[in-house]
Amino acid sequence: MSRDLDTIARLAADRLNAAVESAPLRAAVPNPTPVRRRPGLRLTLVTAALLVSSAVAVALVSELDWPTPTSSTTTTTSTTSTTLRLDPAVLAGAIPIESVTTSVPPTTTVPPTTTLPADTTPPALAITSPQEDAEFHEPEVVFRGTTEPGATVSAGKYQAEVDPDGSWSIGLILSKGENRVEFTARDDAGNETRAEVTVHFVIVQETTTTTTTKSVEKPAEFSAHASFGICTQTPPYDVYYGTGEPGSTVHVKSDYGSGEVTVGEEGQWEIQVFFPEAPPGQGLLVKVFDDLGREKTFEFVYQPEG
């Protein structure tokens, strides 16, 4: 339809130009006397061209689906003209251009989730002393053993002291007769391991006869000695010796070296212990103890030559 309207407008304009060129023009008359005249041919052609242009404009507005423009007619004493008026609001927003903004959501990278398997392995637990069915004549006994580093060890409501390397010790009071002592090791994940040992507390009683009184033999006295205390050789070491209950075990323990030896039938013991990781020039503590919990502490210094 737009193409037909363009053709009509073009034909109307051509005819208007032809009519204007062929219309006669009057010469100017000086001081003309105002005379009421009828519109001439030229004015008629102009009016017709304006009407045709108005029709074409109205058709174009209808084609664009604009609001119908209003027309006003002005009449004077000499001419009649038709003026096409469009609403300024229509002209300003006749063909709105919408601005479309497309927002792209930011890319979110979700880090992979790494879930470590739950720790279900119970901690190791061993009782190194006293031995099963050991007999004591004193109620207080020191129990020792090893466990997983970082775990806790308890006997009932009593907590043992656990060293960084997992070794532990705790002193308990025995009841008369047989005592079955149970220990529990618990790690940070809540896993538990139990171990137990049976010991006997025998009260020494005096035997009374009509003629003599004899007491039951007591355990041999425990003693411990260090041979050097300072060593210049590499690796450093020291020799410990002393006396104890025959057949019992003597333990030598430190943060840099440990060992154990069985007391001989004559009640004598001796052991050489190396400390390969001992820091030069720094004193370290060495504990020496037997199965009955009797112990002695020594200081050892590694002082290399040069």
Side-chain angles (χ1 to χ4, degrees), residues 124-149 153 155 160-174 181 183 195 197 199-201 217-306:
L125 177 62
I127 303 172
T128 58
S129 68
Q131 302 298 319
E132 182 73 11
D133 291 325
E135 184 176 301
F136 299 95
H137 304 287
E138 298 292 336
E140 185 176 355
V141 176
V142 177
F143 294 81
R144 304 179 188 275
T146 58
T147 187
E148 175 184 302
V153 176
E161 294 183 2
V162 181
D163 294 336
D165 62 354
S167 59
W168 56 269
S169 63
I170 182 174
L172 300 175
I173 303 298
L174 302 181
V181 186
F183 297 91
V197 62
V199 295
H200 304 271
F201 172 37
E217 185 180 356
K218 294 183 179 181
E221 182 181 356
F222 173 77
S223 65
H225 307 277
S227 298
F228 310 115
I230 298 176
C231 183
T232 60
Q233 299 184 15
T234 303
Y237 71 92
D238 204 341
V239 177
Y240 300 90
Y241 62 95
T243 60
E245 181 69 18
S248 64
T249 303
V250 176
H251 306 269
V252 180
K253 180 182 176 183
S254 73
D255 293 336
Y256 302 96
S258 302
E260 59 182 30
V261 63
T262 302
V263 180
E265 294 181 357
E266 297 180 357
Q268 303 292 325
W269 62 269
E270 181 177 324
I271 183 174
Q272 182 182 22
V273 179
F274 287 89
F275 308 99
E277 302 298 330
Q282 297 183 15
L284 58 95
L285 297 180
V286 181
K287 290 183 179 180
V288 180
F289 56 90
D290 66 355
D291 291 339
L292 299 180
R294 298 174 293 184
E295 67 177 38
K296 192 171 183 180
T297 303
F298 300 92
E299 184 176 8
F300 176 80
V301 179
Y302 172 41
Q303 193 69 46
E305 296 179 352

* State, yes or no, whether a side-chain contact exists between D290 and V263 at a heavy-atom distance under 4.5 Å. => no
* Asked: If you look at every heavy atom in V199 and P130, which pair is closest and at what distance?
  -> CG1-CG, 3.6 Å
* Counting only heavy atoms not in E135, do more than 12 fall under 6.0 Å of its CD? -> yes
* Any pair counted as side-chain hydrogen bond (donor to acceptor under 3.5 Å, both in side chains), so long as it reaches residues 230-244, sequence neighbours left out -> S223-T243, T234-Y302
* Checking D165 side chain against S167 main chain: does a donor-acceptor pair fall under 3.5 Å? -> yes
* Is the closest side-chain heavy-atom distance between F183 and I170 below 4.5 Å? -> yes
* **Non-hydrogen side-chain atoms of F222 and W269 separated by less than 4.5 Å** => yes
* Would you say L174 and F136 make side-chain contact, with heavy atoms under 4.5 Å? -> yes
* **Any donor-acceptor N/O pair, T297 side chain to V286 backbone, under 3.5 Å** => no
* **Residues R294, E138; criterion salt bridge (Lys or Arg N to Asp or Glu O under 4.0 Å); working and verdict** => CA-CA 11 Å; R294 298 174 293 184; E138 298 292 336; over 6 Å; no
* Keeping the roles fixed (side chain from Q131, backbone from T128), state whether a donor-acceptor pair exists under 3.5 Å. => yes
* Asked: Does E161 reach the main-chain N or O of S169 with its side chain, forming a donor-acceptor pair under 3.5 Å?
  -> no
* Asked: Is it the case that more than 12 heavy atoms not belonging to E277 sit under 6.0 Å from its CD atom?
  -> no
* **Short side-chain to backbone donor-acceptor contact, D291 and T249, under 3.5 Å** => yes
* To do: Please examine the side chains of V239 and E270, heavy atoms only from C-beta on, and report whether any two atoms are closer than 4.5 Å.
  => yes
* Structure fact -> Taking every heavy atom of F201 against every heavy atom of P139, the minimum-distance pair comes out as CE1-N, 3.6 Å
* Asked: Any side-chain heavy atom of F300 within less than 4.5 Å of one from S254?
  -> no
